[in-house]
Amino acid sequence: MNLRQLEVFQAVLQTGSMSAAARLLCVTPSAVSKAVAHTELQLGYALFTRSPAGLTPTPEAQVLAAESAGIHRQLEGLRQTARNLARGEGGQIRLAAIPSISHNFLPSLLQAHAGRHPQVGIEVRTLNQDQMAPALLTHSVDFCLGFYPHPHPQLHSELLVSGRLFLAVTRELWTWSLRGSPPLAYGRLAQVPVIRLVGNDPMRQAIDELAQRLGVVDSGGIQVQTSQLALELVRRGMGWTVVDFLTAQHLDPRTMVALELHELPPMSLYSYHSPNHPPGQAVQRMLGMLPALLQQTLSTPARAC
């Protein structure tokens, strides 16, 4: 079975009919029918049986489908990579960032870049850390921004800046925690619920370390996937969490308190790219703007109590 036969086979499997597979592949139904018949002749057994509901894969076809699914996905990835490479640099920048960077820093970067290079088109995606490797390796994006070095062995991580972590809590809860308590740095926050992150997110480790320092008893509580959702729950007075230095800059001082955590290691911001697809000239210009903008952000004191 060659790649074209595999493509037709997968299309018929997905759609359940010759005509629908033909539309998916942009060919005629007769071309699909001939390709299936030729494949069956080569293999020596039928791949589909006809029924009122459409085409049903035979037991042999089901085995082939399971074995060939990975090859088909790789073929689609190769096609996507080829299409992305065909677009070239051409004054177009495609970048991705984790949610907290997209919401709290990218607007400043995009505004500054548009002022200097208004002719350059920019495509921005918001991705989680585990979604960045496929996007970079298929050249769907030129570079990504995220905290901590990326663990994927085929990606290059370049340090941009480091900054402190902050405890985020509502001003109301912070005032309550200090009321009638000994002069401790965090008052009675050990009695306030902790909003944690799920999985092995590095920020989860920072939250857990601070909770341990405060003497918080781990009684379950709420765990969420993103820092943005954790912060929204904190804004609603449901507990406290730990945020990065970019997020801390954007907390409303009228309702929120940000406490710099000197006892925790700083958090570092990185850019990621594939070594097989180094940044082009337009991308390098944008990356060159990052250090000054980040230092400007860090030089502005976070809105604390």
Give me the atom names and distance for the closest heavy-atom approach of [X] to [Y].
| X | Y | answer |
| --- | --- | --- |
| Arg188 | Trp176 | NH2-O, 2.7 Å |
| Pro278 | Asn276 | CD-C, 3.6 Å |
| Ala22 | Pro29 | CB-N, 3.5 Å |
| Gln249 | Phe245 | CG-O, 3.1 Å |
| Asn104 | Pro107 | C-CD, 4.5 Å |
| Val169 | Gly239 | CG2-O, 4.2 Å |

Between [X] and [Y], is any pair of side-chain heavy atoms under 4.5 Å apart?
| X | Y | result |
| --- | --- | --- |
| Trp240 | Leu173 | no |
| Leu106 | Leu95 | yes |
| Leu55 | Val36 | no |
| Ser227 | Thr247 | no |
| Phe9 | Phe48 | yes |
| Tyr270 | Leu155 | no |
| Met203 | Leu165 | yes |
| Leu189 | Leu167 | yes |

Can you get from [X] to [Y] by hopping between Ile, Leu, Val, Met, Phe, Trp and Tyr side chains that sit under 4.5 Å apart?
| X | Y | result |
| --- | --- | --- |
| Ile101 | Leu159 | yes |
| Met18 | Met1 | yes |
| Leu127 | Val124 | yes |
| Val63 | Tyr45 | no |
| Val32 | Leu24 | no |

If you count the non-hydrogen atoms of other residues, nucleotides and ligands that lie under 6.0 Å from [atom1] in [X], is the total more than 12?
| X | atom1 | value |
| --- | --- | --- |
| Gln212 | CD | no |
| Glu172 | CD | no |
| Gln225 | CD | no |
| Gln111 | CD | no |

Look up atom [atom1] in [X] and atom [atom2] in [Y], then write down how far apart they are to the nearest 0.5 Å.
| X | Y | atom1 | atom2 | answer |
| --- | --- | --- | --- | --- |
| Thr15 | Gln10 | OG1 | CD | 11.0 Å |
| Thr56 | Arg50 | OG1 | CZ | 10.5 Å |
| Leu145 | Met132 | CG | CE | 7.0 Å |
| His103 | Leu231 | NE2 | CG | 11.5 Å |
| His117 | Met289 | NE2 | CE | 6.0 Å |
| Thr39 | Leu6 | OG1 | CG | 9.5 Å |

So does [Y] get a backbone contact from the side chain of [X], meaning a donor-acceptor N/O pair under 3.5 Å?
| X | Y | result |
| --- | --- | --- |
| Arg285 | His113 | no |
| Gln284 | Pro279 | yes |
| Thr58 | Ala46 | yes |
| His150 | Gln129 | yes |
| Ser33 | Ser30 | no |
| Ser274 | Leu137 | no |
| Asn128 | Gln131 | no |
| Gln223 | Arg196 | no |
| Arg204 | Leu197 | yes |
| Tyr272 | Gly146 | yes |

Checking Leu246 against Ser100 for the side chain to side chain contact (heavy atoms under 4.5 Å, CB included) test, could you report, in this order, the C-alpha distance in whole Å, the side-chain angles of both residues, the deciding distance, and whether it holds? CA-CA 8 Å; Leu246 295 176; Ser100 59; over 6 Å; no
What do the steps show when you test Thr255 against Arg171 for side chain to side chain contact (heavy atoms under 4.5 Å, CB included), and what is the final call? CA-CA 5 Å; Thr255 59; Arg171 186 164 292 280; 5.7 Å; no
Residues Leu136, His277; criterion side chain to side chain contact (heavy atoms under 4.5 Å, CB included); working and verdict: CA-CA 8 Å; Leu136 286 167; His277 183 55; over 6 Å; no
For the pair Asp252 and Arg235, evaluate side chain to side chain contact (heavy atoms under 4.5 Å, CB included) and give the outcome as yes or no after the intermediate values. CA-CA 10 Å; Asp252 186 348; Arg235 288 193 178 102; over 6 Å; no
